[in-house]
> 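Below you'll find the structure I mean.
Residues take their numbers from the sequence shown, with the count starting at 1.
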Amino acid sequence: MRRSPIAVLAGIGVVAVTTAFGVGAVLRRQAAIARRRIGKPLGEESIDADRVWRRALEGDPVDLLVLGDSLAAGLGAERRKETLGGRLAKGLGRRLHRPVRLRTGAVVGSESPDLDAQLALLPAGYAPDVAVIVVGGNDVTHRLPVSTSTRHLRHTIDELRARGAEVVVGTCPDLGALRPVPQPLRRLVSSLSRRLAEAQTATARDAGAVAVDLRRAVGPMFFDDPDAMFSLDRFHPSPLGYRRTADALLPAVVRSAETALSARRRPEAAR
């Protein structure tokens with residue numbers, strides 16, 4: 001006897017719901033496995049790298065601000081010069097032949113909504129020449145809606161540009177490179193991180209910022225050589241991982257700093 005279309009749809013619905021619950025249970029178990037494997041061997045405090053870098057060079061320091069999550073904060077680096085901020089400051093100073101004053105507002109464990117608090121902690125009159133934002137990994141692992149992530153990213157970019165800063169956004173890395181995360185969860189977080197990175201790119205460009213696709217720029221290196229690119233917890237970058245990430249961001253940071261400095265020189269020349 002043929003079943004009615006309504007009965008067929010109802011059966012599909014039951015199967016879909018059952019499958020969804022089954023997949024959800026599997027993913028929750030795998031997430032728990034990943035958390036146990038990763039742990040917190042690095043703690044939750046990053047190295048303080050804030051200082052004037054390349055101090056011996058002539059000229060007023062270029063002001064560099066770094067906001068975001070543990071990657072932006074440099075968790076996993078062993079020395080301050082190995083943090084993302086330290087490497088960017090050194091590279092920027094070398095390219096511009098000027099000192100660079102680094103301020104790190106990034107906080108380990110941050111998600112995109114936490115950027116608001118990082119902005120709020122900046123001094124009222126602080127006006128960086130260039131700001132770098134790297135955030136998104138925790139948004140994916142905590143299942144934050146992409147619309148929420150991009151809304152807070154857009155607000156942060158707007159606020160920084162209102163202060164006169166040029167902004168560079170390093171998009172969400174490909175979390176599919178995380179070997180402690182079992183399959184199929186790893187494929188899922190890879191897809192989710194790619195989706196967030198694409199949305200971050202569109203948001204950054206629409207707001208007048210420069211986006212650097214870290215998934216394309218350094219993702220293959222983390223996939224091909226995870227032992228060298230990841231730190232002890234196999235989640236955060238190693239010193240080499242930070243070096244490669246900084247290398248990917250630096251050209252955009254240099255161009256943005258040059259744009260900001262040029263814009264600030266024009267009013268002075270007019271006077």
> Does Lys90 have more than 12 heavy atoms from other residues, nucleotides or ligands lying within 6.0 Å of its NZ?
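Correct, the count exceeds 12.
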> Going from CD on Gln118 to CG on Leu65, what distance comes out if it is rounded to the nearest 0.5 angstrom?
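Output value for this atom pair is 8.5 Å.
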> Indicate the atoms forming the closest heavy-atom contact of Ala211 with Thr171, along with that distance.
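Of all heavy-atom pairs spanning Ala211 and Thr171, the closest is CB-CG2, 4.5 Å.
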> With side chains defined as the heavy atoms from C-beta onward, is the minimum distance between Met229 and Leu240 less than 4.5 Å?
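Touching, per the 4.5 Å side-chain cut-off.
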> Are the side chains of Arg94 and Arg54 in contact, using a 4.5 Å heavy-atom criterion?
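Counting from C-beta outward, Arg54 and Arg94 do come under 4.5 Å.
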> With a 4.5 Å limit on heavy-atom distance, are the side chains of Leu96 and Glu258 in contact?
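Side chain of Leu96 against side chain of Glu258, heavy atoms only: contact under 4.5 Å found.
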> Could you check whether any side-chain heavy atom of Leu119 comes within less than 4.5 Å of a side-chain heavy atom of Leu67, counting everything from C-beta outward?
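The answer is yes; the side chains approach within 4.5 Å.
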> Take Glu82 and Arg243 through the test side-chain contact (heavy atoms from CB on, under 4.5 Å) and record every step on the way to the result.
CA-CA 7 Å; Glu82 296 170 343; Arg243 178 181 176 181; over 6 Å; no
> Report yes if the side chains of Arg215 and Arg194 come closer than 4.5 Å at any heavy-atom pair, otherwise no.
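Yes, their side chains come closer than 4.5 Å.
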> Which other residues belong to the hydrophobic cluster containing Ile47, where Ile, Leu, Val, Met, Phe, Trp and Tyr are joined when side-chain heavy atoms lie under 4.5 Å apart, directly or via other members?
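Noted: Ile47 shares its cluster with no other residue.
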> Is any side-chain heavy atom of Glu166 less than 4.5 Å from a side-chain heavy atom of Arg161?
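In short, these two side chains touch, coming nearer than 4.5 Å.
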> If you take all heavy atoms of Ala106 and Ala73, which pair is closest and at what distance?
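Residues Ala106 and Ala73, closest heavy atoms: CB-N, 3.6 Å.
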> For the CG atom of Leu188 and the CZ atom of Arg143, what is their distance to the nearest 0.5 Å?
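Interatomic distance, Leu188 CG to Arg143 CZ, rounded to 0.5 Å: 8.5 Å.
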> Carefully, step by step, assess Gln200 and Cys172 under the rule side-chain contact (heavy atoms from CB on, under 4.5 Å).
CA-CA 8 Å; Gln200 289 175 322; Cys172 182; 3.6 Å; yes
> Show me the donor-acceptor pairs within less than 3.5 Å that the side chains of residues 121-138 make with the rest of the protein, sequence neighbours left out.
{"unit_1": "Asp129", "atom_1": "OD1", "unit_2": "Arg264", "atom_2": "NH1", "d": "2.8"}
{"unit_1": "Asp129", "atom_1": "OD2", "unit_2": "Asp63", "atom_2": "N", "d": "2.8"}
{"unit_1": "Asn138", "atom_1": "ND2", "unit_2": "Ser110", "atom_2": "O", "d": "2.8"}

> Less than 4.5 Å apart, side chain to side chain, heavy atoms only: is that true for Val169 and Val210?
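Side-chain contact under 4.5 Å: no.
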> Quick one: which of His152, Arg151, Arg154 gives a side chain to side chain contact (heavy atoms under 4.5 Å, CB included) with Thr203?
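Output: one option passes, namely Arg154.
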> Under 4.5 Å between any side-chain heavy atoms of Ser238 and Phe230, yes or no?
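They are not in side-chain contact.
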> Tell me whether Arg55 forms a cation-pi arrangement with Trp53, defined as NZ or CZ under 6.0 Å from the six-membered ring centre and within 45 degrees of its axis.
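No, a cation-pi geometry is absent between Arg55 and Trp53.
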> Run the side-chain contact (heavy atoms from CB on, under 4.5 Å) check on Leu88 and Val100 step by step: do they pass?
CA-CA 9 Å; Leu88 289 175; Val100 176; over 6 Å; no
> Who passes salt bridge (Lys or Arg N to Asp or Glu O under 4.0 Å) against Asp116, sequence neighbours left out?
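Salt bridge (Lys or Arg N to Asp or Glu O under 4.0 Å) check on Asp116 returns nothing, list empty.
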> Does one hydrophobic cluster hold both Val140 and Val212, with members joined at side-chain heavy-atom distances below 4.5 Å?
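Looking at the clustering, Val212 is in the same group as Val140.
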